[in-house]
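Below, each value reflects all heavy atoms present in this structure, side chains not excepted, and no hydrogens, waters or symmetry copies. Counting starts at 1 for both ligands and their atoms, in listed order.
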Amino acid sequence: MMTEQEQALLAENIARVRERVAEAAIRAGRRPEEVALLAATKMNSAERVRFAVEHGISVCGENRVQELLEKYEQSAYGGADLQFIGTLQTNKVKYLIGKVSLIQSVGSLRLAQAIDREAGKRQIRQDVLLEVNIGKEAAKSGFSLEELGESLDKIAGFGNLSVKGLMAIPPVTPPDGNNLYYFHEMQELFIDISTKKYDNVCMACLSMGMTNDFEDAIACGSTMVRVGSAIFGARDYARQPSKNSL
Ligand SMILES: *Cc1c(COP(=O)(O)O)cnc(C)c1O
């Protein structure tokens, strides 16, 4: 059970992050409503997530399928929009279809195909973002800048999937000490694809910016920031909530 103190802190953090998002938007000459706030809820209990949703969080993002399913069963997200933002194996796609409004982390043609197939079985259209490996990091998934255009041509033809934009997770320790360079590159790419007008592709969402850099991301046109620790506090990786195999 959350203590009263924990509840007060969480409510305060949500209000503060909202304020910072709005201020960053205004500094960038944008309207606060142009930037959505997704709460990255990984490693937070259903109770904490539910409390956040009751206190102004309208979009939740999970990283792991098993963790999402567990909290889903515990009605953690009631009333909020649920999205998937983590690494996704093709054999787990089926668990997400029908539960999440958006899969943000589509970083390969193979994964896009699997989503298209599973969504087809359920006769729904799944919205996705294409993840771009903007820092060219070997350990990270995502399309390279070079392959994105060609992959988009193919994915645009899929019948049960709609591309709604792009997502990026820039390097944790960028060469210049900040991610402005990568955010600018993403903004250019986003605008570039928008002007090409693919059928079935709508560049509505540019998902970038996390606790340490969301204000810079907003300055570079981000339409959705994904914030975890500034809302929920630092994650304790020694206490994994679920070591399940899924
Ligand atoms: C955890 C996570 C975030 C939020 O990270 P913080 O630095 O805690 O804000 C954002 N996006 C993804 C994909 C994540 O896994």
Using heavy atoms and a threshold below 4.0 Å, how should the contact between Ser229 and ligand 1 be classified: side chain, backbone, both, or neither?
both

For atom 5 (O) of ligand 1, what's the nearest protein heavy-atom neighbour? Residue, atom name and distance, please.
Met210 CE, 3.7 Å

So does Ser222 get a backbone contact from the side chain of Arg30, meaning a donor-acceptor N/O pair under 3.5 Å?
yes

Identify whether the distance between the nearest side-chain nitrogen and carboxylate oxygen of Lys71 and Glu62 falls below 4.0 Å.
yes

Going by the order shown, which atoms of ligand 1 are within less than 4.0 Å of some heavy atom of Ile169?
13 (C)

Please state which protein non-hydrogen atom is closest to atom 11 (N) of ligand 1 and give its distance, to 0.1 Å?
Arg226 NE, 2.8 Å

Heavy atom of Gln104, distance to ligand 1 below 4.0 Å
no

Could you tell me whether Gly228 and ligand 1 have an N or O pair separated by under 3.5 Å?
yes

The closest protein heavy-atom partner of atom 13 (C) of ligand 1 is Ile85 O, 3.4 Å

In ligand 1, which numbered atoms sit nearer than 4.0 Å to a non-hydrogen atom of Asn63?
14 (C), 15 (O)

So which of Asn212, Asp216, Asp213 actually passes side chain to side chain donor-acceptor pair (under 3.5 Å) with Asn179?
Asp213

Separation between CD1 (Ile155) and OG (Ser162), nearest 0.5 Å, reads 11.5 Å

Distance under 6.0 Å and angle within 45° of ring axis: Lys99 vs Tyr72:
yes

Please determine whether side chain to side chain contact (heavy atoms under 4.5 Å, CB included) holds for the pair Ser45 and Arg50, giving the CA-CA distance in whole Å, both sets of side-chain angles, and the decisive distance to 0.1 Å.
CA-CA 9 Å; Ser45 65; Arg50 201 177 304 117; over 6 Å; no

Near Thr211, which atoms of ligand 1 are under 4.0 Å from a heavy atom of that residue?
6 (P), 7 (O), 8 (O), 9 (O)

Consider only side-chain N and O atoms of Gln83 and Asp81, and report whether a donor and an acceptor are under 3.5 Å apart.
yes

Qualifying residue for side chain to side chain contact (heavy atoms under 4.5 Å, CB included) with Ile231, from Leu38, Ile14, Thr211
Ile14

Could you list the atoms of ligand 1 found under 4.0 angstrom from a heavy atom of Lys42?
1 (C), 2 (C), 3 (C), 14 (C), 15 (O)

For Val227, take its heavy atoms, then give the atoms of ligand 1 lying under 4.0 Å from any of them.
9 (O)

